[in-house]
Q: 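Mind looking over this structure? Questions follow.
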Amino acid sequence: MTSIVVRRSPLVENTLKERTNIRAGKTLTGDYIVLYIPDEDVQAAIFALNNTKLDAYSLVVGLMGKEALDASGITPIQQQPFLDLKGSGVLLGFIDSGIDYTNAAFKYENNTTKIQYIWDQTINSGGESLSGTNSDTASSSGTSPTGANSGTESSSGTSPTGTNFDTASSSAADSNAASSGTPSAPSGYGFGTEFSAARINEALSSPNPYNIVPHRDTVGHGTFLASVAAGREGGEYLSAAPDAELIVVKLRKAGKFYLDTYSIPKEEENAFESIDVMLGIEYIMEKAAQLKRPVSICISVGTNLGGHDGFNIFEEYLARVSHNAGVTVCCAAGNESNTAHHASGKIAKAGDDVKIEITAGSTSSDIYITIWNYAADRISVSVTSPTGEMIGRVPAKNGTVVTENLIFEKSTVIIYYFFPVEGSGNQLTVIRILAATPGIWAVTAHGDIIVDGRYHTWLPITGFVNSGVEFLSPDPNCTLVVPASAIGVIACAGFNSLDKSLYAASSWGPTRLPLLVPDFAAPAVNVKGAFPANHGEMAGTSVAAAISAGACALLLQWGVVNKNEPFIDTYLARAYLIRGCERDSGTAYPNTQWGYGRLNLLSTFNQLRRV
């Protein structure tokens with residue numbers, strides 16, 4: 001089965017009644033519905049739903065990272081006796097590669113866990129792996145498309161499910177009180193396995209913990225980020241919010257349908273679907289509401305797919321979530337500024353052409369290229385191979401799909417046109433080159449109708465395209481990944497805390513909207529933390545997002561738990577953190593590399609004293 005996501009409407013409800021091969025899954029905040037469809041029926045189902053393929057399809061996202069707290073002004077806040085902020089009463093949510101729940105960083109002194117819940121999407125309730133299959137079916141206990149939305153947007157300082165956060169300081173062992181029971185999929189989600197704190201504690205007291213909770217983080221990325229944000233205090237490193245507790249979602253690998261659609265190498269294990277990320281966010285918010293606690297969510301995945309303008313359903317969803325009181329969302333800006341995976345330009349007038357050149361590296365591989373232009377323009381493309389074989393100009397018509405097999409090479413070129421794309425009204429042109437001949441490929445963009453003339457083109461993020469596939473004339477601007485491009489989230493760039501220089505790979509803004517991002521930079525180079533087997537260091541903007549999420553947890557403790565700002569949400573947290581940023585004289589702020597400066601939580605609280 002393949003998952004898609006659509007906006008709820010009478011047409012969707014009627015289609016679900018008429019087509020038994022479409023199964024309704026979870027209804028998300030903002031009235032988005034996840035649907036499950038057999039692979040062979042996806043195109044017909046999307047047509048029946050009167051939805052553009054681009055809008056309904058999941059994007060495929062990857063991980064954004066392979067003496068930080070002092071530099072962020074977090075350590076002084078932890079040590080300030082009158083504030084006494086270490087994340088007590090607050091939850092931190094991670095949607096990533098999982099967590100090593102046996103690690104000392106996530107255990108209290110009495111050997112009990114600080115993890116309230118783990119939802120492992122890769123294990124079904126029978127203990128079998130689901131990774132890479134997406135073979136789930138929607139749960140019969142899930143929300144009906146015509147029923148009430150369990151994630152309806154909140155107002156007046158309530159959680160997504162309507163729970164008031166005034167009792168956020170309730171017992172830190174809420175889920176420990178429940179019986180561990182038999183692990184099963186979370187109610188309403190229909191796949192994966194949920195492990196409660198009670199079940200995890202049962203595992204920790206056993207000589208064979210993985211027989212009881214078979215969840216593992218085989219990558220280490222999620223474990224590291226959780227340790228940086230909320231690990232218990234130890235000699236090797238300090239975390240931002242050591243007293244906060246955790247809710248962890250382990251993402252399953254993207255299904256074959258999407259891996260094929262986006263030409264992602266089959267051997268890439270860390271490729272996930274944006275719909276599963278959305279489900280993970282919804283799960284975390286529901287659990288936080290049940291526990292009556294505020295939550296800081298860290299999104300450490302990203303993609304170059306999508307319009308980078310806030311109009312994709314993934315971005316729209318996060319913008320709505322960011323309005324929820326007691327919830328903050330921090331996103332990694334990405335590590336794409338120096339990868340040569342983005343280019344841009346301008347077609348001066350109708351009838352003019354521009355050439356976009358891509359080097360295919362030294363070995364044959366598939367290449368997926370997207371070109372976005374604005375609503376007033378229309379462009380068409382032609383393609384020339386490294387040997388000079390040419391696919392002539394393909395007229396631009398919405399829904400066009402043209403496939404050409406080259407004569408003297410083993411490559412196949414497929415060209416797609418989509419316009420107007422729902423939300424933005426823009427045009428998207430996709431060029432897939434299968435078994436691309438090594439050398440330089442040229443895509444010529446022809447100006448059919450030109451009013452604005454600007455265009456942006458992206459290759460997939462590092463890991464989703466072979467090394468050596470690059471634009472010959474790259475542009476580091478607009479390399480911020482989706483979903484950090486969503487309106488309202490906190491977009492976190494990275495810097496080196498030792499010399500206060502920008503992390504070399506940290507993605508630059510603005511978005512294509514354009515929206516000035518990132519919001520600020522946090523430490524992202526040689527940050528210390530815990531891996532499943534040992535301690536170590538990591539670099540990348542995912543680390544910056546984890547530190548920022550930890551800082552937000554301290555803000556939530558101050559605001560919600562301590563009742564100084566009970567209705568704090570992502571927008572308000574973002575404003576407080578921006579106000580406290582450390583800035584260098586002689587540099588103009590905000591800018592597309594640093595945003596408003598370097599994260600400094602101590603300065604934020606100093607500013608709050610003056611409000």
Side-chain angles (χ1 to χ4, degrees), residues 2 39-40 42-43 53-54 57-62 132-134 253-273 303-306 336 339-343 355-372 379-396 399-418 428-446 457-474:
T2 290
D39 289 4
E40 63 274 14
V42 171
Q43 301 291 353
K53 178 168 75 172
L54 295 172
Y57 272 15
S58 186
L59 305 180
V60 176
V61 299
T133 65
N134 279 17
K253 184 178 177 179
K256 182 179 183 300
F257 179 87
Y258 287 120
L259 295 177
D260 291 344
T261 296
Y262 298 120
S263 297
I264 293 172
K266 303 298 185 295
E267 63 272 14
E268 178 53 57
E269 290 298 320
N270 298 314
F272 315 106
E273 294 180 22
T303 184
N304 279 344
L305 301 170
E336 290 287 303
T339 60
H341 289 165
H342 169 257
K355 186 178 288 186
I356 304 165
E357 294 183 308
I358 305 104
T359 177
S362 58
T363 58
S364 177
S365 65
D366 295 349
I367 303 175
Y368 189 91
I369 307 161
T370 58
I371 304 174
W372 287 85
I379 68 171
S380 54
V381 298
S382 57
V383 179
T384 305
S385 76
T387 65
E389 192 166 351
M390 184 175 182
I391 296 171
R393 183 175 183 173
V394 177
T400 294
V401 181
V402 174
T403 302
E404 294 282 352
N405 296 312
L406 300 189
I407 297 172
F408 296 107
E409 302 172 49
K410 295 181 179 180
S411 303
T412 298
V413 177
I414 310 172
I415 297 171
Y416 310 78
Y417 293 115
F418 304 98
L428 169 63
T429 303
V430 175
I431 302 104
R432 291 180 66 195
I433 307 174
L434 308 181
T437 304
I440 296 173
W441 289 78
V443 176
T444 301
H446 306 274
T457 178
W458 281 274
L459 293 164
I461 62 169
T462 301
F464 287 6
V465 66
N466 277 13
S467 176
V469 177
E470 302 173 346
F471 289 111
L472 290 187
S473 298

Q: Is there side-chain contact between Val469 and Leu459, with at least one heavy-atom pair below 4.5 Å?
A: yes

Q: Could you state the interatomic distance from OG1 (Thr339) to CG (Asn304), rounded to the nearest 0.5 Å?
A: 7.0 Å

Q: Do you know which two heavy atoms are closest between Lys256 and Asp260, and how far apart they sit?
A: NZ-OD2, 2.6 Å

Q: Which heavy-atom pair separates His341 from Pro460 by the least distance, and what is that distance?
A: ND1-O, 3.1 Å

Q: Could you check whether any side-chain N or O of Glu269 sits under 3.5 Å from a backbone N or O of Lys253, counting only pairs where one atom can act as donor and the other as acceptor?
A: no

Q: Do Glu273 side-chain atoms and Leu59 backbone N/O form a donor-acceptor pair below 3.5 Å?
A: no

Q: Going by atom types alone, do Thr462 and Glu336 pair a side-chain donor with an acceptor below 3.5 Å?
A: yes

Q: Determine whether Tyr57 and Thr261 satisfy the following criterion, side-chain contact (heavy atoms from CB on, under 4.5 Å), listing intermediate values before the conclusion.
A: CA-CA 10 Å; Tyr57 272 15; Thr261 296; 3.9 Å; yes

Q: Any heavy-atom pair between the side chains of Thr444 and Val381 that's under 4.5 Å?
A: no

Q: Would you find a donor on one side and an acceptor on the other, under 3.5 Å apart, between the side chain of Asp39 and the backbone of Phe257?
A: no

Q: Start with the C-alpha distance between Val60 and Thr303, add both sets of side-chain angles, then the distance that settles side-chain contact (heavy atoms from CB on, under 4.5 Å), and finish with yes or no.
A: CA-CA 7 Å; Val60 176; Thr303 184; 5.6 Å; no

Q: Hey, could you give me the OH/CD1 distance between Tyr416 and Ile431, rounded to the nearest 0.5 Å?
A: 11.0 Å

Q: Of the non-hydrogen atoms in Asn466 and Pro265, which two are nearest, and what is the gap between them?
A: OD1-CG, 4.2 Å

Q: Test of understanding: with ring-ring contact (aromatic ring centres under 6.0 Å, His included), list the residues that count as partners of Tyr368, not counting sequence neighbours.
A: Tyr262

Q: What pairs meet the side chain to side chain donor-acceptor pair (under 3.5 Å) rule with one or both residues in residues 401-413, with sequence neighbours excluded?
A: Ser385-Glu409, Thr387-Glu409, Asn405-Thr412, Glu409-Thr437, Ser411-Thr437

Q: Are the side chains of Val430 and Phe418 in touch, meaning some heavy atoms are under 4.5 Å apart?
A: yes

Q: State, to 0.1 Å, how close Trp372 and Trp458 come at their nearest heavy-atom pair, and which atoms those are.
A: CD1-CZ3, 3.8 Å

Q: Between His342 and Thr457, do the side chains contain a donor N or O and an acceptor N or O under 3.5 Å apart?
A: no

Q: At what distance, to the nearest 0.5 angstrom, does CD1 of Ile461 lie from CD1 of Ile264?
A: 8.0 Å

Q: Between OG of Ser380 and CZ of Arg393, what distance do you get to the nearest 0.5 Å?
A: 3.5 Å

Q: Please list every donor-acceptor pair under 3.5 Å in which a side-chain atom of residues 355-367 meets a protein atom from a residue at least two apart or in another chain.
A:
from, atom 1, to, atom 2, distance (Å)
Ser364, OG, Ala435, O, 3.4
Ser364, OG, Ala436, O, 3.4
Asp366, OD1, Ala435, N, 2.8

Q: Let me confirm one number: the NE2-CD1 distance from His446 to Ile379, rounded to the nearest 0.5 Å.
A: 9.5 Å

Q: If you compare all heavy atoms of Trp441 against all heavy atoms of Leu406, which two are closest, and at what distance to 0.1 Å?
A: CH2-CD1, 3.7 Å

Q: Does Tyr417 use its side chain to pair, donor to acceptor, with the backbone of Val394 at less than 3.5 Å?
A: yes

